[in-house]
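One structure below.
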Amino acid sequence: MLLRMSSLFLRTLREDPADAEVPSHKLLVRAGYVRRAAAGIYSWLPLGKIALENVTRAVREEMDAIGAQEVLFPALLPREPYELTGRWTEYGDLLLRLKDRRGGDYLLGPTHEEMFTLMVKGEYSSYKDFPVILYQIQTKYRDEARPRSGILRGREFVMKDSYSFDLDDAGLQKSYDLHREAYIKIFDRLGFDYRIVSATSGAMGGSHSEEFLAPAPTGEDTFVSCAQCQYAANVEAVQTRLPQVEAAGEHPPVEVLDTPDTPTIEALVEFLGQPASAMLKNLLVKVTEGGVTSVVVVGVPADRDVDMDKLEAVLAPATVEIFEAEDFAARPDLVRGYVGPHALPGDVSYLADPRVAQGTAWVTGAGQVDKHARNVVAGRDFTVDRYVDVATMLPGDPCPRCGGPLSLQRGIEIGHIFQLGRKYTDAFQLDALGPDGKPGRVTMGSYGIGVSRIVAALAEQAHDDKGLIWPREVAPADVHIVATGKDNQIQVALDLAQRIEARGVRVLCDDRAGVSPGVKFTDAELIGVPTILIVGKGLAQGVVELRDRGSGQREDLPLEEAVDRVTGLVGRPS
RNA sequence: CGGGGAGUGGCGCAGCUUGGUAAGCGCGCCUGCUUUGGGAGCAGGAGGCCGCGGGUUCAAAUCCCGCCUCCCCGACCA
């Protein structure tokens with residue numbers, strides 16, 4: 001279908017929208033791909049819809065290629081199945097709940113494990129039926145506390161979710177591997193720069209899990225990668241190598257220092273002129289287990305923070321809360337900003353990062369206002385009740401696999417695959433009768449791709465100061481023909497557009513009359529079609545100009561050659 | 001949910017402190033003429049319950065109260 005700018009439903013903007021912060025958001029709005037409908041909710045205009053369809057098609061084709069079968073569930077779901085698996089409450093406020101006129105509870109689906117499991121249970125019951133992989137491409141909802149970054153993190157978004165059902169772990173591994181291969185094909189096709197990293201399975205439960213991350217400064221995930229080996233992991237999933245325990249060294253005795261007005265590490269660093277890495281940061285938390293709450297102090301080198309997710313994972317099923325001002329008020333023996341492990345009340349236990357090894361000496365709080373202590377030695381002056389791996393990562397930390405230095409990078413999560421196991425099949429008692437007539441519990445895998453997020457993630461990775469630069473697979477057209485000048489040039493351009501299109505090449509033609517060349521060039525660069533063909537002043541000599549949007553390379557060529565050249569570039573001969 | 005900021009034609013903004021021809025600018029849109037390889041020029045136009053509700057006042061975009069919405073940072077989180 002030939003897209004003509006003269007009638008295309010499109011208005012480009014010269015200025016960034018006031019509510020946009022990240023490049024993809026600014027550019028997708030300015031180039032007329034999307035419009036905001038509400039916070040975190042977007043409408044797709046024709047160009048955006050085409051790009052979204054292009055992503056959808058690539059995903060669908062590769063899913064079909066591994067034998068997955070497409071289904072479609074409602075987005076509006078009943079409460080009961082989610083009640084049964086506990087997610088009605090576990091998912092918390094992130095679950096978008098509604099009531100109908102009778103007061104019945106419903107939700108707008110965030111993911112559909114429950115529905116897929118129930119559907120398979122309803123249809124299949126024999127080992128002969130398995131394995132099976134089902135998927136859907138559908139609108140999902142999450143009641144994000146704070147939607148941000150435009151399309152990257154909305155409250156409504158399009159997602160492909162698929163689920164594999166297998167009789168045993170070997171089968172699950174096979175389904176997982178199939179998805180992994182399919183995802184590689186999909187993201188290669190879409191022209192992504194991406195990494196596959198080890199991940200935690202998050203709130204879903206389950207074991208083996210990997211994320212596909214598109215490196216971008218605006219990404220919300222941080223991952224580490226090792227230059228020496230192939231190790232790469234989300235920081236949440238990194239297992240720190242335990243450092244060698246130092247033999248108790250010859251440290252001077254503890255010395256108490258006057259450090260007026262230094263309740264923060266920053267102030268202390270300033271005051272003492274020593275690096276934060278020499279100091280011990282002690283974070284107070286309330287740990288509740290079995291209805292009993294106790295105070296726990298967690299020590300980490302002060303150039304790091306405590307990762308609360310990791311801490312909660314370590315202490316689970318106990319719940320962890322940060323110590324608030326009123327908690328300090330209730331415990332005058334714990335001095336905010338001046339806590340030290342050697343000066344703790346007896347009822348407080350001390351957890352520490354492995355780097356706080358036996359024999360290491362630290363600057364830390366002295367347990368009194370405006371006083372710190374130095375030469376506080378682990379094992380000599382205080383004991384660590386338990387070592388826990390809960391400190392945040394820093395660049396240069398050793399790779400857990402080979403010991404090489406790790407680097408940290410931000411990335412956008414565009415896909416996640418993991419082996420769910422039997423959490424949901426247990427909840428719904430999904431069994432398959434074996435050849436012996438006895439039931440066996442089915443095991444599941446769960447695999448997601450953020451379809452609408454991909455459009456934004458590509459925009460984050462591929463743009464310049466002029467606008468978008470789409471990979472061909474996603475671009476709303478293969479070639480953007482710009483007719484500058486007078487009406488006869490528009491006629492020539494339209495004629496050319498039709499001949500190119502007859503070769504199976506998708507064409508966007510700027511046939512607007514009375515629009516100056518500068519405006520058309522600017523729009524073409526903003527819209528980001530990978531190939532730009534200019535029918536303009538060279539026409540008098542029978543020449544048109546071919547430009548590559550990405551590299552900016554320009555080339556004049558005879559009008560008669562244009563059809564073949566463009567067709568060749570696109571690599572999609574009819 | 002905590003902290004900060006903002007709601008004025010389709011978009012981006014000024015005006016508010018010091019109530020009273022301040023409803024104003026840029027982009028976009030419409031008409032005519034000129035222009036056509038880098039965001040055109042001239043002339044003439046259309047378009048705004050100034051977020052909503054209440055209050056103060058002779059008079060409110062402007063002052064006061066309440067509410068709603070949106071953005072940023074944090075918390076949270078596929």
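Numbers restart at 1 for each chain; the letters A, B, ... are given by sequence-line order, proteins then strands.
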Please produce a list of atom pairs where a protein N or O lies less than 3.5 Å from an N or O of nucleotides 34-37 of chain B.
| unit_1 | atom_1 | unit_2 | atom_2 | d |
| --- | --- | --- | --- | --- |
| B:G37 | O2' | A:Lys537 | NZ | 3.2 |
| B:G37 | N7 | A:Thr484 | OG1 | 3.3 |
| B:G37 | N7 | A:Lys537 | N | 3.0 |
| B:G37 | O6 | A:Lys537 | N | 3.4 |
| B:G37 | N1 | A:Glu545 | OE1 | 3.0 |
| B:G37 | N2 | A:Glu545 | OE1 | 2.5 |
| B:G37 | N2 | A:Arg547 | NH2 | 3.1 |

Report task. Give the dot-bracket string for RNA chain B, reading 5' to 3', where a pair is Watson-Crick or G-U wobble with both distances under 3.5 Å, ( ) marks pairs inside the strand, [ ] marks pairs crossing earlier ones, | marks a partner on another strand, and . marks unpaired. Result -> (((((((..((((......[...)))).((((((.....)))))).....(((((..]....))))))))))))....
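- The aromatic ring centres of A:Tyr176 and A:Phe418 sit 6.0 Å or more apart.
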Ignoring hydrogens and angles, write down the donor-acceptor pairs under 3.5 Å from the side chains of residues 20-27 of chain A, residues two or more places apart or on other chains.
| unit_1 | atom_1 | unit_2 | atom_2 | d |
| --- | --- | --- | --- | --- |
| A:Ser24 | OG | A:Glu460 | OE2 | 2.6 |
| A:His25 | NE2 | A:Tyr42 | OH | 3.1 |

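- Here A:Asp495 pairs with A:Arg499 under the salt bridge (charged side-chain N to carboxylate O under 4.0 Å, His left out) rule; sequence neighbours left out.
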Pick out the pairs of N or O atoms, protein on one side and nucleotides 23-28 of chain B on the other, that lie under 3.5 Å.
| unit_1 | atom_1 | unit_2 | atom_2 | d |
| --- | --- | --- | --- | --- |
| B:G26 | N2 | A:Glu15 | OE1 | 3.0 |

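- Scored by the salt bridge (charged side-chain N to carboxylate O under 4.0 Å, His left out) test, A:Glu211 finds no partners at all (sequence neighbours excluded).
- Within the structure, salt bridge (charged side-chain N to carboxylate O under 4.0 Å, His left out) contacts touching residues 182-193 of chain A (residues at least two apart or in different chains) are A:Glu61-A:Arg189, A:Glu62-A:Arg189, A:Arg189-A:Glu473, A:Asp193-A:Arg195.
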Polar atom pairs (N or O), protein with nucleotides 43-50 of chain B, under 3.5 Å:
none

Could you list the donor-acceptor pairs under 3.5 angstrom formed by side chains in residues 539-547 of chain A, with sequence neighbours left out?
| unit_1 | atom_1 | unit_2 | atom_2 | d |
| --- | --- | --- | --- | --- |
| A:Glu545 | OE2 | A:Arg547 | NE | 2.6 |
| A:Glu545 | OE2 | A:Arg547 | NH2 | 3.4 |

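- Note on residues 448-458 of chain A: no pairs pass side chain to side chain donor-acceptor pair (under 3.5 Å), not counting sequence neighbours.
- Residues passing the salt bridge (charged side-chain N to carboxylate O under 4.0 Å, His left out) test with A:Lys537: none are found, sequence neighbours excluded.
- Using a 4.0 Å heavy-atom distance criterion, A:Arg453 is classed as making no nucleic acid contact.
- Atom CG of A:Asp16 is separated from atom P of B:G12 by 10 Å (rounded to the nearest Å).
- With sequence neighbours excluded, no residue forms a salt bridge (charged side-chain N to carboxylate O under 4.0 Å, His left out) with A:Lys160.
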